[in-house]
Amino acid sequence: MTVTPPNAVRYTGPILDWYAEHARDLPWRAPDATPWGILVSEIMLQQTPVARVLPVWREWMRRWPAPEALAAEPSGEAVRAWGRLGYPRRALRLHACAVAITERHGGRVPDSYDELRALPGVGAYTAAAVASFAYRQRHAVLDTNVRRVLARLITGVEYPPKTQTAAEVTLAESLLPPDAPTAARWAVAVMELGALVCTARTPRCVDCPVIGSCAWHQAGRPPYDGPPRRGQTYAGTDRQCRGRLLAVLRNAEGPVEKAALDVAWSDPVQRERALDGLVADGLVDPLEDGRYALPS
DNA sequence: TAGGCGTGGCC
DNA sequence: TGGCCAAGCCT
């Protein structure tokens, strides 16, 4: 029996009420959303904005409404359907998820955290999210939104540490409402608050249901004081080169000649390195005749 | 554990 | 204008 800290209700009540009124109407939150649809959405949403995911998710679910349908297709079809969502290895992993679910779980998305966590591309966050959102279980669902909300609300700093700490997990668990259905609603509600109100750049504190309890706000919203938080340049990197090469294959009907890849990136050394990487990752299939294709 | 891994919109 | 950011995972 877990005991909820007495002051936790200061946050949970108002945030649950706020969510009831302001939650976005997203298809993977609809009453008829399946665990498979929720898993697909979680993988697609990793590091990717909702607006870009929506159309791809709809088409994906129309085409592959259950894991068996996707598992029956070549992985390259998943990569093609992934379009420009980015991080295309996720498409490969989602396809591998479909195969594993079909073969190991009888076509049903598992409902235990450990079995979810064992699926390809499913880490601590996604396993907790699917267990919570699809199966209404009680888990600390700690994503970038929630980490930021807790950093401000409880810790009183603008941003959480670069990498997730054990203290953050402990804190998130201490705030979970005792009963599972409420904990599941709380999980999605805090996340939504971070996405819509307690945003990274310009938080809308005026719209915040817990502004009166916010440690960061009460401290005068002190700016982040710590090491630089990122530095992911992109132009000219291998990542951009990989993206260009894969786009050539996505846009082609079938296999392409090497020359079609060569014109996509001028630096031959970097191009070959990137192509080797794509092949090593299983995103590109080098054919015996010298052409290249999406994997089969 | 820090770094690699896409893409595009925003202020 | 361009750095920052978006429901992370894997090695």
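Convention: sequence-line order gives letters A, B, ...; per-chain numbering from 1.
- The 5' end of DNA chain C is approached more closely, in terms of each residue's nearest nucleotide, by A/N145 than by the other of A/P120 and A/N145.
- Taking only side-chain nitrogens and oxygens, A/Q47 comes nearer than 4.0 Å to OP1 or OP2 of C/dG8.
- Put simply, CG on A/L39 is 18 Å from P on C/dA7, counting in whole angstrom units.
- A/N251 has its CG atom 11 Å from the P atom of B/dT7, to the nearest Å.
- The CZ-C1' distance, from A/R273 to B/dC5, rounds to 14 Å in whole Å.
- Within 4.0 Å (heavy atoms only), A/I43 reaches no atom of the nucleic acid at all.
- The backbone N or O of A/A183 lies less than 3.5 Å from no partner atom in the side chain of A/R138, so there is not a single donor-acceptor pair.
- Among the heavy atoms of the strands, none lies under 4.0 Å from A/W82.
- Between the side chains of A/Y125 and A/E42, at least one donor N or O sits under 3.5 Å from an acceptor N or O.
- Judged by distance alone with a 3.5 Å cut-off, no donor-acceptor contact links the side chain of A/R239 to the base of B/dG4.
- Nucleic acid contact class of A/V141 (heavy atoms, under 4.0 Å, all strands): none.
- Among the protein residues, A/A129 comes within range of no part of the nucleic acid, since none of its heavy atoms lies under 4.0 Å from any strand.
- Distance A/Y125 OH to C/dA6 C1': 12 Å, rounded to the nearest Å.
- Rounded to whole Å, the distance from CG on A/L116 to P on C/dA7 is 21 Å.
- A/R148 comes within 4.0 angstrom of sugar-phosphate atoms only, judged by non-hydrogen atoms across all strands, and of no base.
- Using a cut-off of 4.0 Å between Lys/Arg side-chain N and Asp/Glu carboxylate O, A/R185 and A/E192 are scored as not salt-bridged.
- At least one donor-acceptor pair closer than 3.5 Å links the side chain of A/W216 to the backbone N or O of A/P222.
- Rounded to a whole angstrom, the distance from the C1' atom of B/dG9 to that of C/dC9 is 24 Å.
- Across all strands shown, A/R250 has heavy atoms under 4.0 Å from sugar-phosphate atoms exclusively, and none from any base.
- Between the CD atom of A/Q46 and the P atom of B/dG8 there is a distance of 19 Å, given to the nearest Å.
- The gap from the P atom of B/dC5 to that of C/dG2 amounts to 23 Å, rounded to the nearest Å.
- Side chain A/R52 to base B/dT7: a donor-acceptor pair is found below 3.5 Å.
- Remark: P of B/dG6 and CG of A/L246 are 8 Å apart, rounded to the nearest angstrom.
- A/Y135 places no side-chain N or O within 3.5 Å of a backbone atom of A/S112 that could act as its donor or acceptor partner.
- In this structure, A/L92 reaches neither bases nor backbone, as no heavy-atom distance under 4.0 Å exists between it and the strands shown.
- Judged by distance alone with a 3.5 Å cut-off, a donor-acceptor contact links the side chain of A/T48 to the base of B/dG6.
- Residue A/Y159 is in sugar-phosphate contact alone, with no base atom involved, counting any heavy-atom pair closer than 4.0 Å across all strands shown.
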Between protein and nucleotides 1-3 of chain C, what N or O pairs are separated by less than 3.5 Å?
none

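- Out of C/dC10, B/dC5, C/dA7, the shortest distance to the side chain of A/R89 is found at B/dC5.
- Rounded to the nearest Å, the gap between the C1' atom of B/dT1 and that of C/dG8 is 15 Å.
- Using modelled atom types, one side-chain atom of A/R117 and one backbone atom of A/V122 make a donor-acceptor pair closer than 3.5 Å.
- For the P atom pair drawn from C/dA7 and B/dA2, the interatomic distance equals 22 Å after rounding to whole Å.
- Contact annotation for A/A124: backbone-only contact, meaning every heavy-atom pair under 4.0 Å involves sugar-phosphate atoms and none involves a base.
- Across the protein-nucleic acid pair, A/Y87 atom OH and B/dG6 atom C1' stand 6 Å apart, rounded to whole Å.
- Using modelled atom types, one side-chain atom of A/W82 and one backbone atom of A/G86 make a donor-acceptor pair closer than 3.5 Å.
- Heavy atoms of A/T126 sit under 4.0 angstrom from primed sugar atoms or phosphate atoms, though from no base atom.
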